[in-house]
Amino acid sequence: MRRYQVIGKRRAVWLLMLWGLTAVVLSMGGRNMGRAVLASARKEGCPIYSVAREEKVAAVTVNCAWDKNNIPQLLEILEREDVKATFFLVGQWVEQYPQLAKEIAAAGHEIGNHSYSHPDFRTKDAGEIETELRRTDELIRQACGAVPKLVRVPSGDYTAETVSTVRQLGYEVIHWDVDSRDWMDPSSEEITERVMSQLQPGSILLFHAGKSNTEEALPRILSRMKAEGYRFVPVGELIYPGEYTLDIAGRQHPQR
């Protein structure tokens with residue numbers, strides 16, 4: 001079974017290349033031009049990791065790829081806390097659990113596309129990526145009537161070409177800046193402290209279905225975030241519509 005991973009060496013190489021590009025442009029044409037090239041390059045080849053917000057607002061996201069055991073409990077927690085989240089669904093998961101997909105949408109949560117079979121998109125061409133996404137769209141539409149506009153690439157693994165392909169298909173590509181790492185089965189206390197230590201206004205939080213410690217940690221996290229003045233919206237409401245730029249951390253800024 002594949003596990004979700006934080007981008008490591010690939011992201012570091014990508015960032016070094018971008019800084020190098022910016023340095024060259026700065027030497028040739030001035031600071032403002034350098035910023036423009038950097039922002040453009042990031043937008044073309046990088047997902048949205050978080051959103052530049054002054055107010056304390058964040059998005060809770062849940063990936064549903066294999067497990068389904070605690071979906072009713074997660075929905076109960078979110079309802080009790082009056083939080084609307086974004087669930088990224090794998091097509092094969094929807095095939096197995098269409099009723100759960102329907103219940104997620106019926107509870108008012110946003111539905112995103114997480115591919116059909118959870119492959120490594122870095123190894124797929126544009127046609128294969130489109131097939132994965134369109135097939136999942138149709139399964140989601142049949143199960144709950146939703147039409148996904150957001151995509152989370154499998155395992156968070158991508159290339160610049162991957163991101164460009166997905167955007168050309170009409171989706172926005174969503175990553176995360178707060179990784180609970182609940183798939184590693186840490187204690188609920190570890191999950192809570194890890195999330196709280198990474199939090200910032202405009203954060204996108206990552207959790208996974210089927211993890212019992214997430215079920216324990218989530219109420220604590222939501223309670224502590226509320227105590228700090230945070231409110232919660234789905235990703236589609238957190239991100240800026242229209243033209244935008246991405247900074248070196250993949251943080252979305254509105255185009256001014």
Side-chain angles (χ1 to χ4, degrees), residues 1-6 47-50 57-94 96-116 118 136 139-140 143-144 146 148-156 172-186 188 191-192 194-196 198-199 203-223 225 230-239:
M1 181 181 295
R2 291 226 25 189
R3 294 292 191 179
Y4 295 89
Q5 303 173 8
V6 177
I48 294 174
Y49 279 72
S50 65
V57 59
V60 173
T61 71
V62 181
N63 288 359
C64 300
W66 300 283
D67 300 312
K68 56 89 178 179
N69 297 333
N70 65 346
I71 292 295
Q73 290 82 1
L74 292 179
L75 292 179
E76 181 181 350
I77 292 167
L78 293 169
E79 181 179 12
R80 184 171 68 244
E81 297 292 338
D82 193 25
V83 172
K84 299 303 181 186
T86 302
F87 285 75
F88 287 93
L89 310 184
V90 165
Q92 290 178 339
W93 189 92
V94 179
Q96 286 186 282
Y97 313 114
Q99 182 59 34
L100 289 179
K102 183 177 181 180
E103 291 175 12
I104 292 169
H109 300 292
E110 184 176 44
I111 304 296
N113 188 320
H114 197 31
S115 81
Y116 173 73
H118 204 270
T136 301
L139 288 165
I140 290 173
C144 53
K149 297 298 183 183
L150 307 177
V151 164
R152 176 164 283 163
V153 297
S155 300
E172 185 52 86
V173 188
I174 304 299
H175 211 66
W176 61 85
D177 68 320
V178 177
D179 186 356
S180 70
R181 293 195 182 178
D182 54 358
W183 57 269
M184 298 178 68
D185 295 322
S188 60
I191 293 173
T192 301
R194 178 174 177 79
V195 168
M196 296 305 298
Q198 300 176 81
L199 191 63
S203 278
I204 299 174
L205 286 61
L206 172 63
F207 299 98
H208 299 84
K211 307 303 174 186
S212 59
N213 290 337
T214 300
E215 181 185 333
E216 293 182 24
L218 188 57
R220 300 177 187 177
I221 292 168
L222 298 179
S223 178
M225 289 179 66
Y230 277 88
R231 66 182 182 88
F232 305 89
V233 296
V235 172
E237 295 181 25
L238 180 69
I239 62 177

What are the two closest non-hydrogen atoms of [X] and [Y], and how far apart are they?
X	Y	answer
Cys64	Ala209	SG-CB, 3.8 Å
Lys102	Ala143	CB-O, 3.5 Å
Leu139	Gly91	CD1-O, 3.5 Å
Pro47	His175	CB-CB, 3.8 Å
Gly108	Lys84	O-CD, 3.7 Å
Val94	Ala101	CG1-CB, 4.3 Å

Donor-acceptor check, side chain of [X] to backbone of [Y], threshold 3.5 angstrom: yes or no?
X	Y	value
Glu216	Ser212	no
Glu110	Gly236	yes
Glu103	Pro72	no
Ser50	Ser203	no
Ser115	Val90	no
Asp177	Ile204	yes
Asn70	Lys211	yes

Taking the side chain as every heavy atom from C-beta outward, state whether [X] and [Y] have any atom pair closer than 4.5 Å.
X	Y	value
Asn63	Leu206	yes
Tyr97	Ile71	no
Thr214	Val62	no
Arg194	Pro186	no
Pro219	Arg80	yes
Leu74	Ile104	no

Spacing of [atom1] belonging to [X] relative to [atom2] belonging to [Y], to within rounding of 0.5 Å:
X	Y	atom1	atom2	value
Ile111	Phe88	CD1	CZ	10.0 Å
Leu89	Asn113	CG	CG	8.5 Å
Ile48	Trp176	CD1	CH2	14.0 Å
Arg181	Ile191	CZ	CD1	12.0 Å
Asp182	Asn213	CG	CG	8.5 Å

Exercise. Taking it one step at a time, do Leu78 and Leu218 satisfy side chain to side chain contact (heavy atoms under 4.5 Å, CB included)?
Worked result: CA-CA 9 Å; Leu78 293 169; Leu218 188 57; 4.3 Å; yes
- prompt: What residues, two or more places apart in sequence or in another chain, satisfy salt bridge (charged side-chain N to carboxylate O under 4.0 Å, His left out) together with Glu81?
  reply: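 With sequence neighbours excluded, Glu81 shows a salt bridge (charged side-chain N to carboxylate O under 4.0 Å, His left out) to Lys226, given in chain and number order.
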Test Val233 against every option in Thr86, Val60, Leu238 by the side-chain contact (heavy atoms from CB on, under 4.5 Å) rule and name the one that passes.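 Answer to the side-chain contact (heavy atoms from CB on, under 4.5 Å) test with Val233 among Thr86, Val60, Leu238: Leu238.
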(Q) Take a 6.0 Å sphere around CD of Glu79 and say whether it holds more than 12 heavy atoms from other residues, nucleotides or ligands. (A)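 Atom CD in Glu79 is not packed in, count stays at 12 or less.
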* **Residues, nucleotides or ligands: over 12 heavy atoms within 6.0 Å of Gln96 CD** =>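 Yes, because the 6.0 Å sphere around CD of Gln96 holds more than 12 heavy atoms from other groups.
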Open item on the list: Taking ring pair (Phe, Tyr, Trp, His ring centres under 6.0 Å) as the definition, give me every residue that meets it alongside Phe87, ordered by chain and number, with sequence neighbours left out.
Closed with: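 Applying ring pair (Phe, Tyr, Trp, His ring centres under 6.0 Å) to Phe87 gives His109.
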Assert yes or no for the condition that the ring centre distance of Trp93 to His114 is strictly below 6.0 Å.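 No: the rings miss the under 6.0 Å criterion.
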Worked check of side chain to side chain contact (heavy atoms under 4.5 Å, CB included) between Leu150 and Ile239: CA-CA 11 Å; Leu150 307 177; Ile239 62 177; 4.1 Å; yes
Q: Evaluate the side chain to side chain contact (heavy atoms under 4.5 Å, CB included) criterion for residues Asp67 and His208: first the C-alpha distance (whole Å), next the side-chain angles of each, then the deciding distance (0.1 Å), finally the verdict.
A: CA-CA 9 Å; Asp67 300 312; His208 299 84; over 6 Å; no
